[in-house]
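Okay, so here's the structure we're looking at.
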Amino acid sequence: GNSVTQMEGPVTLSEEAFLTINCTYTATGYPSLFWYVQYPGEGLQLLLKATKADDKGSNKGFEATYRKETTSFHLEKGSVQVSDSAVYFCALSDNFNKFYFGSGTKLNVKP
Amino acid sequence: GAVVSQHPSWVICKSGTSVKIECRSLDFQATTMFWYRQFPKQSLMLMATSNEGSKATYEQGVEKDKFLINHASLTLSTLTVTSAHPEDSSFYICSAKQGSSYEQYFGPGTRLTVT
């Protein structure tokens, strides 16, 4: 079956530090992969996506590369800001009608 | 961007009563809406998928007689928790999308507490 595993948080970083949030997946087919972000008091928002192997999704300085060989889609950012503090969810979908989410990783960025 | 609202944002009800949660797409027509349940520090669990004008499709293990979903229009879906019990206390999230697009837009969630 399909499932997503992401690193437990919270992750606490100082401003301008490098961020990596690990995400691995299990899928029966060739899914699309997503990262969503949830700011306090708001709904989840799509951050970036990749639809096939070796694709790199990017947005707002965040990047993630679809690695089929390691079944991974790790989220990275070179220099985090306080405003990046949020909960990040990795997800997959193989038909856009059903999405499987990881448990979320809370990121705290300190000034 | 597209906006999805949920109402109420927080509700407390007594055990045995029913509670209705609304999910609205404010600026687009939502052909498909999803209802999720989220436990603390756990992932979003898909409860059901509803298409406008059709019966909802429930995920395995979700009691359809307990969690009634209605998607009567292209902008509104409702989730009714019937005969609520304390174990139904949770955070319920809806999302909506158009057609076959991958992009789904999430509501801010509703916190249900059953006493």
Side-chain angles (χ1 to χ4, degrees), chain A residues 1-11 21-26 29-52 55 57 59-60 66 73 86-108, chain B residues 1-10 21-27 30-52 54 56-62 71 91-111:
Chain A
N2 294 333
S3 67
V4 175
T5 302
Q6 60 182 107
M7 63 189 289
E8 285 193 28
V11 174
I21 299 178
N22 291 338
C23 170
T24 57
Y25 68 91
T26 302
Y30 301 95
S32 295
L33 302 174
F34 306 84
W35 276 102
Y36 288 85
V37 58
Q38 184 178 31
Y39 298 104
E42 299 182 15
L44 277 74
Q45 303 172 27
L46 179 63
L47 179 60
L48 54 84
K49 69 170 177 43
T51 57
K52 61 183 187 295
D55 267 3
N59 186 25
K60 299 181 181 179
Y66 190 142
F73 193 54
V87 181
Y88 293 82
F89 291 88
C90 185
L92 71 81
S93 178
D94 50 18
N95 60 10
F96 303 149
N97 285 321
K98 185 167 182 177
F99 291 75
Y100 299 83
F101 288 84
S103 56
T105 302
K106 186 172 184 179
L107 171 65
N108 295 317
Chain B
V3 179
V4 174
S5 69
Q6 278 185 245
H7 179 79
S9 56
W10 184 39
I21 301 169
E22 292 186 349
C23 176
R24 293 181 184 273
S25 57
L26 299 184
D27 50 5
T31 50
T32 304
M33 285 187 168
F34 305 92
W35 286 95
Y36 296 88
R37 183 172 178 177
Q38 184 180 27
F39 295 97
K41 297 185 179 181
Q42 294 189 30
S43 63
L44 280 69
M45 181 194 78
L46 180 64
M47 299 176 65
T49 302
S50 71
N51 293 295
E52 186 265 338
S54 302
T57 301
Y58 290 82
E59 294 299 305
Q60 191 173 8
V62 177
H71 190 166
F91 196 59
Y92 293 89
I93 300 172
C94 74
S95 70
K97 75 184 190 81
Q98 283 186 301
S100 58
S101 171
Y102 64 85
E103 183 113 36
Q104 56 178 324
Y105 301 95
F106 287 82
T110 296
R111 171 74 60 193

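As the structure is a computational prediction, the values presented were derived from the model and not from experiment.
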Assess whether side-chain hydrogen bond (donor to acceptor under 3.5 Å, both in side chains) is satisfied between B/Gln98 and B/Thr31, documenting all intermediate values. CA-CA 5 Å; B/Gln98 283 186 301; B/Thr31 50; over 6 Å; no
At a heavy-atom separation under 4.5 Å, does B/Ser101 approach chain A through its side chain, its backbone, both, or neither? backbone
Mind ranking A/Gly9, A/Gly41, A/Ala91, A/Gly43 by heavy-atom pairs under 4.5 Å with chain B and telling me who comes out on top? A/Gly43
What part of B/Ser100 is in contact with chain A, defined as an atom under 4.5 angstrom from a non-hydrogen atom: side chain, backbone, both or neither? backbone
Hey, do the aromatic rings of A/Tyr36 and B/Phe106 have their centres closer than 6.0 Å? yes
Side chain, backbone, both or neither of B/Phe39 within contact of chain A (heavy atoms, under 4.5 Å): neither
Okay, side chain of A/Asp94, backbone of A/Gly29: is any donor-acceptor separation there less than 3.5 Å? no
Determine, step by step, whether B/Phe91 and B/Thr110 satisfy the side-chain contact (heavy atoms from CB on, under 4.5 Å) criterion, reporting the C-alpha distance in whole Å, the side-chain angles of both residues, the deciding distance to 0.1 Å, and the verdict. CA-CA 6 Å; B/Phe91 196 59; B/Thr110 296; 5.8 Å; no
Quick one: which of A/Gly102, A/Ser32, A/Gly104 has the most heavy-atom pairs under 4.5 Å with chain B, could you say? A/Gly102
Among B/Tyr92, B/Phe34, B/Tyr36, B/Tyr58, which one satisfies side chain to side chain contact (heavy atoms under 4.5 Å, CB included) with B/Met47? B/Tyr92
Which region of B/Leu46, side chain (C-beta onward) or backbone (N, CA, C, O), has a non-hydrogen atom less than 4.5 Å from a non-hydrogen atom of chain A, or is it both or neither? side chain
Using heavy-atom distances under 4.5 Å, tell me whether B/Gln38 contacts chain A through its side chain, its backbone, both, or neither. side chain
Residues B/Glu103, A/Lys49: salt bridge by 4.0 Å N-O rule: no
